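See below for the structure under consideration.
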2 protein chains.
Amino acid sequence: MKAAKSARAAVETGTAGASSRERILQEAERVFGANGFDGAAMRQVAEAAGVPVALVSYHFGSKEGLYRAVFERRVPTVVEQRLAGLAIAMSEADLDRRLELVVKALVFPMLHLRAHDRDPSFGRVLAHETMDPSSEQRGFIRDMFDPVARAVVEALASALPGRTEEDIWWAYEFMLGAMVYVMGDAGRIERLSGGLCRPDDEEGAVRHMVAFLTAGVRHGAPPPATKSRRPLKSNKPKGGETDATGDVSKGRRQTEGRRAR
Amino acid sequence: MKAAKSARAAVETGTAGASSRERILQEAERVFGANGFDGAAMRQVAEAAGVPVALVSYHFGSKEGLYRAVFERRVPTVVEQRLAGLAIAMSEADLDRRLELVVKALVFPMLHLRAHDRDPSFGRVLAHETMDPSSEQRGFIRDMFDPVARAVVEALASALPGRTEEDIWWAYEFMLGAMVYVMGDAGRIERLSGGLCRPDDEEGAVRHMVAFLTAGVRHGAPPPATKSRRPLKSNKPKGGETDATGDVSKGRRQTEGRRAR
DNA sequence: GTATCTTGATCGTTCGTTCAATCAAGATTA
DNA sequence: TAATCTTGATTGAACGAACGATCAAGATAC
């Protein structure tokens with residue numbers, strides 16, 4: 001056997017047996033999912049996998065290399081399933097049914113992943129990375145998901161003739177947001193709903209999400225833009241106490257290099 | 001003047017003039033927004049505010065104290081505006097119009113904040129914290145937003161008699177996800193849509209989001225649950241290459257303490 | 001004069017990474 | 001068959017850098 005003494009921790013987490021590299025990957029997914037990229041420590045991953053830290057660097061080069069490997073292990077499957085679902089949807093002539101199939105092709109592979117995996121860690125990794133501003137500079141999401149995103153939007157547009165491209169893109173963003181939020185959930189949904197909504201219940205999550213998102217994009221055509229629209233409620237801050245909208249400088253540089261790592 | 005030499009960086013970022021404490025808070029919001037809690041360094045905040053690191057600890061006690069202060073400066077305004085919007089909505093007898101007002105009461109204060117602030121940093125802070133699994137253990141989101149969340153769901157239910165509580169909660173989660181995603185966006189939406197969708201365009205974002213989410217909850221009643229539902233697409237992994245669903249141990253402990261900080 | 005704010009320096013810790021040495025097997029040679 | 005070489009995997013130890021936190025001394029305000 002390759003890793004003789006191997007992992008005390010890995011035994012507890014059920015990742016024994018596998019090769020060191022695979023064991024590191026599995027534990028990395030869990031640690032990144034629980035703490036995010038910056039909050040995770042390579043020593044944490046190594047200890048969980050029952051290997052010395054140096055072995056992690058040996059296999060994956062760097063922390064970012066390990067992070068990337070976690071994505072490359074999961075994403076292709078999701079993308080393939082989405083594309084397959086889109087192909088099926090496009091072969092549907094009835095546009096109403098096609099629309100629902102497109103939405104399902106978008107959300108199903110993700111929720112299926114969350115529900116059927118060892119644990120929901122990768123969903124959290126993905127959600128974390130999606131909401132991380134430095135995600136754009138790493139480019140994982142862009143490189144891996146942008147193509148299928150465009151394909152989804154095209155499919156949505158085909159099922160909704162007459163709707164503007166802007167409408168479709170907005171709708172896509174809302175769909176993505178809802179999905180990512182559920183994927184990354186760490187218990188808030190279940191706590192708030194008193195156990196009524198469980199993100200790990202694949203059937204229920206898919207059923208509700210597909211229905212909601214399909215209805216949103218189908219019946220959610222926004223009213224035309226108005227140049228001067230009366231504000232619907234007063235925005236004047238009531239108490240000066242917590243208000244801090246100095247609004248000193250409007251044009252502010254968007255990005256700031258994160259600290260050296 | 002209090003801070004005599006003061007900030008070279010603060011001048012660039014337009015936060016001069018203000019008191020040291022306020023300047024630290026403003027820069028903290030920006031740094032946390034750009035890097036997340038773990039990715040941000042107190043030295044980074046201090047340098048940007050033009051003060052020594054020790055002064056940050058003096059004013060806010062710890063890094064988490066500073067983080068909390070960033071939330072406490074912004075959240076109450078949003079919560080108050082939401083509650084005010086909900087009150088207005090509940091006074092509307094027409095349930096269709098009430099529903100739209102409730103949705104608007106939920107999303108408007110947030111998008112308004114993003115669009116009218118110095119920069120969209122707080123939205124990113126919020127999105128990051130929302131998607132951070134350790135968020136639950138910090139409890140900011142829970143303590144600050146749970147009450148108003150329940151109020152929103154009650155208002156939604158009042159406008160949708162006959163719908164199950166489960167439906168409403170799911171819909172609420174999808175709304176929240178869509179909103180958080182747009183709030184935390186770091187440019188992906190605009191890039192993907194080719195500039196068609198700009199999260200900073202408050203009017204457009206609110207108009208599209210309210211329309212989509214209102215339609216989603218109104219017309220998105222899911223079909224009844226079926227015990228045995230034929231799968232709509234094959235889930236068998238095609239290539240074993242990237243597949244790694246060992247599925248060794250199902251019951252896995254959900255949480256793992258993050259490393260000491 | 002007292003209290004609050006501000007400063008520079010420094011503490012102990014943990015981080016990601018690096019390095020030379022060791023081990024386990026095959027493949028190659030005699 | 002026995003000895004040698006080769007290659008990739010693994011290990012423990014250590015490096016320099018950056019981290020959050022702390023403290024005593026100084027400056028400022030009232």
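None of these values were measured; they are calculated from a predicted model. Proteins get letters first, then strands, A, B, ... in listed order; numbering begins at 1 in each. Worth knowing before you read on, the calculation uses all heavy atoms, side chains too, and leaves out hydrogens, waters and symmetry mates.
Side-chain nitrogen and oxygen atoms of A:Tyr58 include at least one within less than 4.0 Å of the OP1 or OP2 phosphate oxygen of D:dA9. Applying the 4.0 Å criterion to OP1 and OP2 of C:dT6, one finds that B:Ser20 has a side-chain N or O inside that range. Taking 4.0 angstrom as the limit, A:His59 places none of its side-chain polar atoms (N or O) nearer than this to OP1 or OP2 of D:dG8.
The nearest whole Å value for the distance from the CG atom in A:Asn35 to the C1' atom in C:dC15 is 14 Å. In this entry the distance linking CD1 of A:Ile24 with P of D:dA9 reads 11 Å, nearest Å. A straight line from NZ of A:Lys63 to P of C:dT18 spans 15 Å, rounded to a whole angstrom. For the pair B:Tyr67 OH and D:dA21 C1', the computed distance is 20 Å after rounding to whole Å. The distance between atom CD of B:Glu64 and atom P of D:dC19, rounded to the nearest whole Å, is 18 Å. As a whole-Å value, the separation of A:Glu22 CD from D:dA9 P is 14 Å. Going from atom CZ of A:Phe37 over to atom P of C:dC15 covers 13 Å, rounded to whole Å. As a whole-Å value, the separation of A:Asp38 CG from C:dT14 P is 18 Å.
Shown here are the salt bridge (Lys or Arg N to Asp or Glu O under 4.0 Å) partners of A:Glu136, two or more places apart in sequence or in another chain: B:Arg191. Residues meeting the side chain to side chain donor-acceptor pair (under 3.5 Å) test with B:Arg188, sequence neighbours left out: A:Asp146, B:Tyr181.
In terms of heavy atoms, B:Ala40 sits closest to B:Asn35 at N-CB, 3.8 Å.
Both cation-pi conditions hold for B:Arg138 and B:Phe37: the charged atom is under 6.0 angstrom from the six-membered ring centre and inside a 45 degree cone around its axis.
The six-membered or imidazole ring of A:Phe122 lies near that of A:Phe71, with a centre-to-centre distance under 6.0 Å.
Two residues, B:Ser62 and A:Leu55, neighbour DNA chain D, and the one matched to the more 5' nucleotide by heavy-atom proximity is A:Leu55. For the pair A:Arg21 and B:Ala54, nearest-nucleotide mapping onto DNA chain D gives the more 5' position to A:Arg21.
At the heavy-atom level, B:Arg43 lies under 4.0 Å from base atoms of the strands shown.
Listed nucleotides: C:dG8, D:dT22, C:dG16. Nearest to the side chain of B:Pro52: C:dG8. For B:Val51, the side-chain atoms get nearest to C:dT7 when compared with the rest of C:dT17, D:dA21, C:dT7.
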